[in-house]
Engineer: 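Dumping the structure here so I can ask a few things about it.
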Amino acid sequence: MRDSHSQDVLILGGGAAGLALALELADRRPVTLLRPASDDHGASRWAQGGIAAVLSPQDNVADHVQDTLIAGDGLCDETAVRFTVEQGRSAIEWLLSLGVPFTPDAREDAVYPYHLTREGGHGARRIIHAADATGQALIDTLLAHARRHPAITLRDDLSAIGLLRDASGACAGARCLDGQGIPCDITAAETVLATGGASGLWRHTTSPLPACGEGMLMAAELGAELMNLEFQQFHPTCLYDPTGTPFLISEAVRGEGGILTTLDGTRFMPDIDPRAELAPRDIVARAIDAEMQASGASHVLLDISHLPADTVQAHFPTIHAHCLRRGIDITREPIPVVPAAHYSCGGVATDFNGRTSVAGLFAIGEVACTGLHGANRMASNSLLECLVFARAAAEALRQPSPPRHPLPSPLPEARPSIASASVEAMMRRLRDVMTRRVGIVRDDADLMRAAQDIATLIEESQTLRQAHAPDRGLANLWHAVRLAGMTVKAAQARQESRGLHFNRDHLYHGPDPAQPSRVNLPPHWLDQA
Ligand code: SIN
């Protein structure tokens with residue numbers, strides 16, 4: 001052990017939620033923010049569409065609440081929805097004060113100074129955006145401010161592999177590894193998880209380096225309750241590009257008029273839902289999946305080429321440039337697309353200030369489950385949630401807390417290091433199971449088989465851990481296999497089809513409002529290394 005710090009607040013994760021919290025808190029309390037280099041590839045930076053908020057005078061809070069409840073398919077916590085939506089405008093005003101370069105609306109008859117686009121499930125234009133690279137603009141701005149703040153210590157040399165507890169069971173900081181794999185404990189009065197979701201448990205994802213639920217599992221190890229894990233969102237339109245890196249085609253493309261067709265040019269969404277391409281994501285992703293299953297095609301098409309070429313280029317410069325590099329001119333031809341894992345609607349259960357059920361431990365952003373998204377998140381409500389709950393957590397954390405003293409947690413004796421290829425092979429096996437058996441459409445037999453396969457992977461991972469030195473990849477694998485096991489348990493327990501959880505053996509949609517699922521880490525999956 002080489003390093004030990006005592007800091008007031010420790011934030012794990014430097015996406016939109018972690019950075020927003022650091023900035024809102026640092027004038028009151030010193031903050032250490034762990035932002036490993038991989039955070040530059042996290043979900044926030046890749047978010048294209050924008051941030052949903054009631055900004056237009058032609059829109060109102062009641063409608064945004066109602067649209068969110070409908071998309072969430074009877075499982076949203078209405079109080080959480082109202083709480084979030086009501087604070088949308090002030091969150092956007094805060095971002096504008098920091099200088100986030102949102103796209104202006106230069107039209108003479110514009111009802112709001114910034115352009116507002118539409119996405120699935122929204123009955124109004126309410127998505128403020130920075131062209132088609134909103135996440136990047138947001139992160140660049142927040143990060144620039146965080147780098148300049150004297151009370152924010154940014155550490156890109158450490159990644160957390162577990163949480164520390166004190167004698168009362170409260171969270172007292174995190175165990176980390178540096179770039180050489182040397183462990184170091186950071187103690188903290190309060191620790192905040194802002195580590196992202198768990199889309200990396202699946203093979204095809206919309207961002208190149210998605211989180212695999214590490215933060216969720218670290219919280220569960222301390223006894224925190226996880227909620228709604230069975231609701232994994234698959235974004236309907238990821239670029240179909242078998243030899244390229246994952247690349248999202250924003251829902252805003254459909255919001256601005258893009259249509260989905262089969263390979264022979266037949267439009268299919270109007271037959272499935274009156275909202276057609278702008279139905280909520282669960283419905284559109286399932287419709288595409290069904291088309292692909294029925295035809296055997298590897299993808300479907302998304303066509304925006306009927307709009308003037310300069311409009312397409314102005315609205316979607318990033319998508320246009322990326323597709324052009326991959327040989328597709330979206331101003332002239334349709335875009336091949338497939339659904340891919342995009343967002344975890346479940347996570348660590350929190351209150352409206354980001355508090356988890358473990359003292360001293362907070363969770364904000366995709367790692368958390370606040371009740372906002374229910375069974376299916378509505379487009380662009382996620383960055384809104386990051387901002388609103390980060391700012392609410394900052395309120396709760398303003399008063400300094402007494403220091404916490406972690407229980408000694410001895411390091412294992414010297415062991416050989418593991419070859420990264422062994423860890424990668426295990427992760428591939430896990431992703432194969434999740435993709436084949438816990439995907440967009442599930443059934444009881446597949447879920448049972450997934451539970452068996454994952455139990456084997458958990459045993460094998462434990463054996464690897466007991467034989468090798470601590471290692472970030474190995475720690476992530478250990479977190480991932482157990483979170484996958486908990487996800488399958490949650491999916492097996494939900495004996496209905498609702499939102500993103502579609503089980504062909506239980507097509508019945510239970511009564512509304514539905515109950516959230518809650519799951520704790522089984523004691524026999526606790527750390528034994
Ligand atoms: C998109 O631009 O389609 C993604 C935004 C989101 O997931 O809300």
Side-chain angles (χ1 to χ4, degrees), residues 36-39 41-43 159-162 177-181 183 195-218 220-221 229 232 234 238 241-246 298 338 340-342 344 412 414-439 442 446-489 491 521-522 524-529:
S38 53
D39 282 10
H41 303 280
S159 0
I161 56 165
L177 294 179
D178 71 9
Q180 281 76 50
T195 46
S199 292
L201 296 182
W202 282 265
R203 196 189 307 134
H204 302 294
T205 56
T206 53
S207 71
L209 212 54
C212 299
E214 299 83 359
M216 296 181 197
L217 208 288
M218 287 192 253
E221 278 180 330
L229 291 181
Q232 169 64 35
F234 292 80
C238 185
D241 185 2
T243 59
T245 49
S298 55
V338 278
H342 180 63
S344 309
R415 297 171 184 170
S417 48
I418 190 163
S420 60
S422 315
V423 174
E424 281 156 22
M426 294 280 283
M427 277 305 290
R428 267 198 304 279
R429 279 171 59 198
L430 176 64
R431 291 184 176 121
D432 280 349
V433 173
M434 294 301 279
T435 304
R436 286 176 52 208
R437 309 205 181 275
V438 199
R442 304 157 177 186
D446 272 343
L447 290 176
M448 187 183 294
R449 189 64 200 278
Q452 290 161 354
D453 291 349
I454 290 168
T456 306
L457 284 163
I458 290 173
E459 271 175 39
E460 291 178 26
S461 307
Q462 177 68 307
T463 306
L464 284 180
R465 289 183 74 244
Q466 286 167 343
H468 294 93
D471 170 273
R472 183 177 175 192
L474 202 45
N476 288 352
L477 170 69
W478 179 230
H479 294 142
V481 285
R482 292 176 296 160
L483 185 68
M486 292 171 80
T487 303
V488 172
K489 274 185 199 300
L521 187 67
H524 62 283
W525 287 353
L526 272 167
D527 207 351
Q528 288 146 33

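Keep in mind the model is a prediction, meaning the values are calculated, not measured.
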Engineer: Among all residues two or more places apart in sequence or in another chain, which pass the side chain to side chain contact (heavy atoms under 4.5 Å, CB included) test with Thr463?
Structural biologist: none

Engineer: Rounded to the nearest 0.5 Å, what's the gap from CZ on Arg429 to CG on Leu477? Could you check?
Structural biologist: 9.5 Å

Engineer: In chain order, what residues pass the salt bridge (Lys or Arg N to Asp or Glu O under 4.0 Å) check against Arg436, with sequence neighbours excluded?
Structural biologist: none

Engineer: Of all residues at least two apart in sequence or in a different chain, which pass the salt bridge (Lys or Arg N to Asp or Glu O under 4.0 Å) check with Arg482?
Structural biologist: Glu221

Engineer: Excluding sequence neighbours, so at least two apart, what forms salt bridge (Lys or Arg N to Asp or Glu O under 4.0 Å) with Asp446?
Structural biologist: Arg437

Engineer: For a side-chain contact (heavy atoms from CB on, under 4.5 Å) check, start with the C-alpha distance between Ser159 and Glu214, then their side-chain angles and the critical distance, and finish with the verdict.
Structural biologist: CA-CA 11 Å; Ser159 0; Glu214 299 83 359; over 6 Å; no

Engineer: Which pair of heavy atoms, one from Ala220 and one from Leu521, lies closest together, and at what distance?
Structural biologist: O-CB, 3.9 Å

Engineer: Within the structure provided, determine whether His204 and Pro246 are in side-chain contact (heavy-atom separation under 4.5 Å).
Structural biologist: no

Engineer: Check the pair Met434, Thr487 against side-chain contact (heavy atoms from CB on, under 4.5 Å), reporting the backbone distance first and the verdict last.
Structural biologist: CA-CA 10 Å; Met434 294 301 279; Thr487 303; 4.2 Å; yes

Engineer: Can you measure from CH2 (Trp202) to CG (Asp432) and round to the nearest 0.5 angstrom?
Structural biologist: 13.5 Å

Engineer: Would you please name every residue forming a side chain to side chain donor-acceptor pair (under 3.5 Å) with Ser417, sequence neighbours left out?
Structural biologist: none

Engineer: When rounded to the nearest 0.5 angstrom, what is the spacing between CG in Leu209 and OG1 in Thr205?
Structural biologist: 8.5 Å

Engineer: Would you indicate whether the side-chain heavy atoms of Trp525 and Met486 approach each other to under 4.5 Å?
Structural biologist: yes

Engineer: Which pairs pass salt bridge (charged side-chain N to carboxylate O under 4.0 Å, His left out) with one or both residues in residues 204-213, sequence neighbours excluded?
Structural biologist: none

Engineer: Please walk me through it: do Ser199 and Gln232 pass side chain to side chain donor-acceptor pair (under 3.5 Å)?
Structural biologist: CA-CA 7 Å; Ser199 292; Gln232 169 64 35; 3.0 Å; yes

Engineer: For the backbone of Ala450 and the side chain of Gln452, can you confirm whether one donor and one acceptor N or O come within less than 3.5 Å of each other?
Structural biologist: no

Engineer: Which residues pass the salt bridge (Lys or Arg N to Asp or Glu O under 4.0 Å) test with Glu459, sequence neighbours left out?
Structural biologist: none

Engineer: Which residues pass the side chain to side chain donor-acceptor pair (under 3.5 Å) test with Arg428, sequence neighbours left out?
Structural biologist: none

Engineer: Once side chain to side chain donor-acceptor pair (under 3.5 Å) is applied, do any residues pair with Thr206, and if so which ones, sequence neighbours excluded?
Structural biologist: His342

Engineer: Suppose we screen for side chain to side chain donor-acceptor pair (under 3.5 Å). Which residues come up paired with Arg431, at least two apart in sequence or across chains?
Structural biologist: none

Engineer: Compare all side-chain heavy atoms of Leu229 with those of Leu483 and state whether any distance is below 4.5 angstrom.
Structural biologist: yes

Engineer: So do Thr456 and Glu460 actually touch side chain to side chain, heavy atoms under 4.5 Å?
Structural biologist: yes

Engineer: Can you tell me how far the OG1 atom of Thr195 sits from the NE2 atom of His479, to the nearest 0.5 Å?
Structural biologist: 10.0 Å

Engineer: Suppose we screen for side chain to side chain contact (heavy atoms under 4.5 Å, CB included). Which residues come up paired with Ser420, at least two apart in sequence or across chains?
Structural biologist: Glu424

Engineer: Would you name the heavy atoms of Arg442 and Ala491 that are closest together and state the gap between them?
Structural biologist: NH1-CB, 3.9 Å

Engineer: Can you find a pair of side-chain heavy atoms, one from Trp478 and one from Ile458, that are under 4.5 Å apart?
Structural biologist: yes

Engineer: Output the distance between atom CG (Leu430) and atom CG (Leu457), rounded to the nearest 0.5 Å.
Structural biologist: 6.0 Å

Engineer: Please examine the side chains of Pro522 and Lys489, heavy atoms only from C-beta on, and report whether any two atoms are closer than 4.5 Å.
Structural biologist: yes

Engineer: Listed by chain and number, what are the side chain to side chain contact (heavy atoms under 4.5 Å, CB included) partners of Leu177, not counting sequence neighbours?
Structural biologist: Ile161, Pro183, Pro470, Arg472

Engineer: What heavy-atom pair brings Gly197 and Ala211 nearest, and what distance separates the two atoms?
Structural biologist: O-CB, 3.2 Å

Engineer: Nearest 0.5 angstrom please: Met427 CE to Asn476 CG, how far?
Structural biologist: 7.5 Å

